[in-house]
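Contents: one structure, followed by commentary.
Sequence lines set the chain letters: A, B, ... in the order given, protein chains first and strands last, and positions in each chain run from 1. Below, all heavy atoms of this structure are taken into account, side chains as well, without hydrogens, waters or symmetry copies.
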Amino acid sequence: MSRVIEVRGAVKRFPAVKNPPGFKEWVLKLPRIWRERGRETFTALDSVSFSVERGECLGIIGKNGAGKSTLLSLLLGTSRPSEGGIEVGAKRTPLLELGAGFHPDLTGRENVILNAVLLGLTRKEALARAPEIIAYSEIEPFIDMPVRTYSNGMYLRLAFSVAVHTDPELLLIDEVLAVGDESFQKKSEGTLTSLIRSGVTTVFVSHDLEAVRKICSRALWLDRGRIRLEGDPSRVIEAYRLGAG
Amino acid sequence: MKAAFEQRWDLLRLLTHKEFALKYKRTTLGIFWSLLNPVLQAAVFFVAFRIFMRFQIENYTFFLLAALFPWSWFSSSVIISGRSLVDNVTLIKKVVFPRHLLVAAVILAQLAHFLFSVPILAAFALGGGKGVGWNWLIGVPILVVLQLVFTFGIALVISISNTYFRDIEYLVGVLMNLVFWMTPIIYPMSAVPERFRPLLYLNPLTSLMTAWRELFFSNAILWKEIGIAAAMAVLCLAAGLAVFHKMERRLDEVL
């Protein structure tokens with residue numbers, strides 16, 4: 001087995017003042033900011049270390065604000081650790097905010113191509129796969145209309161369809177397991193589960209403890225930015241329920 | 001390796017196309033506006049300078065447009081790309097891709113608009129100018145590449161700074177006005193008092209705009225100006241990339 005994710009002592013701090021100062025304040029308060037730099041911070045993740053092997057499904061549980069999404073964005077690479085190291089050796093496919101790359105004025109088809117390329121395909125590959133993606137999403141009749149005219153469900157279905165059709169090697173999932181109406185929920189959940197079973201490495205962040213127990217091979221409990229417990233999903237979930245309750 | 005390069009190239013192409021297509025997405029005339037816009041602009045200046053305000057410069061409208069169109073490419077690129085990172089927060093926070101492509105896409109889309117104005121300049125050159133010669137075929141690509149590199153360098157710094165300080169985009173609007181008047185666009189270099197001229201050459205846009213104008217207006221390639229502009233462009237790009245990559249590391253914390 002080869003290692004896909006290696007996290008060593010990752011720390012992520014955010015400036016405590018979330019509103020960045022304007023240029024004027026920055027110049028006026030430069031001496032103070034300089035003196036206090038690095039002091040007023042909020043530590044979202046505190047020396048977190050773990051690794052994920054190829055084909056594993058790691059579930060991450062914890063309360064709101066425990067650092068789950070921060071950890072996911074570090075793994076995705078949209079954010080970088082303040083300290084420590086993170087190595088990810090696979091193509092990352094995020095299922096975080098579905099349709100983040102969609103533009104309302106582009107048609108469904110145009111968005112499919114653009115997003116498939118954003119997720120790592122070449123344009124040629126994206127064009128070749130478009131029919132399959134569109135058929136899966138079940139919104140064929142509307143595919144050449146701008147997505148601003150779509151219902152929320154249609155939007156999510158299309159975005160989900162693009163993401164699972166881009167040869168994921170490492171899936172990073174934040175709560176999104178199933179989208180759309182009941183029949184599509186079944187279909188999308190089935191697709192994800194079979195992707196995970198087929199050996200696609202997965203990191204799954206969720207509050208749905210039963211889903212974690214069902215699909216994950218290992219679980220990790222984050223508590224206020226630190227790893228509280230790691231191991232067999234049933235055992236971690238048990239401890240989390242006791243500890244959190 | 002080749003596939004990764006192809007994928008990035010495709011992404012740049014698609015982002016540029018998006019930038020370009022979205023502009024006219026909900027208009028009736030569509031892409032035709034890209035041609036209509038400079039034509040109307042030219043018509044307005046033509047009327048203004050033929051009838052209301054007469055300058056001593058022969059064929060002043062053409063003289064002006066030969067530098068004004070390239071300038072518009074520069075200024076609109078910088079102003080629009082200043083917001084390109086701030087406006088794509090969701091994309092930046094949820095998808096991993098080289099962020100500088102967002103900036104490059106804006107400049108390339110604006111380049112497309114600029115290219116639509118070249119036929120208008122050609123029309124002026126044929127009817128009353130020095131004509132259109134081989135020099136255009138050599139000069140236009142060279143100057144396009146130089147301005148592309150130069151603008152990209154500047155836009156990288158401005159777009160990334162704007163994510164830290166949202167004041168930058170307003171500052172840029174004002175500065176752009178200042179730079180416009182400090183660049184020989186609506187006036188010739190000869191109108192500037194001799195002792196101020198070296199000062200004007202400190203402005204990297206002076207050599208670039210002068211080279212554009214001489215190409216279109218006089219059908220001449222100014223190799224010295226091109227050399228200066230090339231050096232400036234490379235410097236700007238190197239500085240821009242360095243600043244961008246340093247500041248990009250904390251992009252998620254400021255957006």
Side-chain angles (χ1 to χ4, degrees), chain A residues 12-15 18-27 41-42 44 69-70 72-82 88 91-107 110-111 113-127 146 148 163 172 174, chain B residues 1-27 85-99 101-102 105 158 161-172 174 245-255:
Chain A
K12 180 69 182 177
R13 290 191 205 93
F14 288 99
K18 193 57 201 169
N19 251 344
F23 189 65
K24 189 187 75 187
E25 279 98 293
W26 190 75
V27 171
T41 54
F42 168 75
S69 298
T70 304
L72 215 50
S73 70
L74 286 181
L75 293 177
L76 179 59
T78 52
S79 123
R80 292 185 200 176
S82 317
V88 177
K91 195 182 78 180
R92 298 166 267 208
T93 304
L95 278 168
L96 308 183
E97 203 164 299
L98 284 174
F102 277 16
H103 193 288
D105 279 332
L106 294 178
T107 67
E110 288 169 323
N111 271 311
I113 304 297
L114 177 58
N115 276 268
V117 174
L118 272 170
L119 291 176
L121 297 190
T122 62
R123 188 169 162 273
K124 218 192 277 165
E125 290 168 327
L127 284 170
R148 71 185 144 82
L172 300 166
D174 198 346
Chain B
M1 197 58 217
K2 194 178 148 271
F5 181 78
E6 191 187 339
Q7 189 259 342
R8 282 189 181 199
W9 177 250
D10 286 347
L11 184 54
L12 178 61
R13 238 179 88 186
L14 287 169
L15 287 172
T16 305
H17 178 257
K18 173 184 152 193
E19 200 68 43
F20 188 77
L22 279 180
K23 184 167 171 153
Y24 302 124
K25 200 79 183 182
R26 297 175 80 168
T27 60
L85 297 179
V86 175
D87 282 343
N88 283 296
V89 182
T90 35
L91 204 56
I92 288 170
K93 283 200 162 181
K94 304 292 173 193
V95 188
V96 195
F97 65 100
R99 279 69 183 271
L101 294 186
L102 285 173
I158 288 170
S161 316
N162 198 35
T163 60
Y164 283 74
F165 310 110
R166 304 291 154 95
D167 312 60
I168 300 289
E169 58 180 284
Y170 302 107
L171 206 60
V172 165
V174 177
H245 285 306
K246 186 154 174 21
M247 292 177 88
E248 187 196 27
R249 296 186 65 86
R250 290 183 49 214
L251 197 54
D252 65 300
E253 294 166 32
V254 292
L255 274 181

Separation of B:Lys93 NZ from A:Ser69 OG (nearest 0.5 Å):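 Answer for the OG-NZ pair, A:Ser69 versus B:Lys93, is 11.0 Å.
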A:Ser79, part contacting chain B, at a heavy-atom distance under 4.5 Å: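 Both parts, heavy atoms under 4.5 Å.
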Portion of A:Glu125 that has a non-hydrogen atom of chain B nearer than 4.5 angstrom: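 Neither part, no heavy atoms under 4.5 Å.
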Per-residue contact mode, B:Arg99 against chain A (heavy atom under 4.5 angstrom):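 Only the side chain of B:Arg99 comes within 4.5 Å of chain A.
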Residue B:Leu91 versus chain A: region with a heavy atom under 4.5 Å: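 For B:Leu91, backbone and side chain are both near chain A.
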For chain B, the option from A:Asn115, A:Leu119, A:Leu96, A:Leu118 that forms the most heavy-atom pairs under 4.5 Å: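 If we count pairs closer than 4.5 Å to chain B, A:Leu118 comes out on top.
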Heavy-atom pair count under 4.5 Å with chain B, highest-scoring of A:Val117, A:Leu121, A:Ile113: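 Result: the option with the highest number of such pairs is A:Val117.
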Carboxylate-amine/guanidinium proximity below 4.0 Å for A:Arg148 and A:Asp105: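 Yes.
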Contact summary for B:Arg249 and B:His245, nearest pair of heavy atoms: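 Answer, listing the atom of B:Arg249 first, then B:His245: CG-O, 3.6 Å.
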Nearest heavy atoms of B:Leu102 and B:Leu85, plus distance in Å: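 The pair with the smallest heavy-atom distance is CD1-CD2, 4.0 Å.
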Cation-pi geometry met for B:Lys23 and B:Phe20 (6.0 Å, 45°):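 Here B:Lys23 fails the 6.0 Å and 45° test against B:Phe20.
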More than 12 heavy atoms from other groups under 6.0 Å of OH on B:Tyr170: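 No - once you tally the heavy atoms of other residues, nucleotides and ligands closer than 6.0 Å, there are 12 at most.
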Residue selection (most heavy-atom pairs with chain A, distance under 4.5 Å) from B:His17, B:Arg8, B:Lys18: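 That would be B:Lys18.
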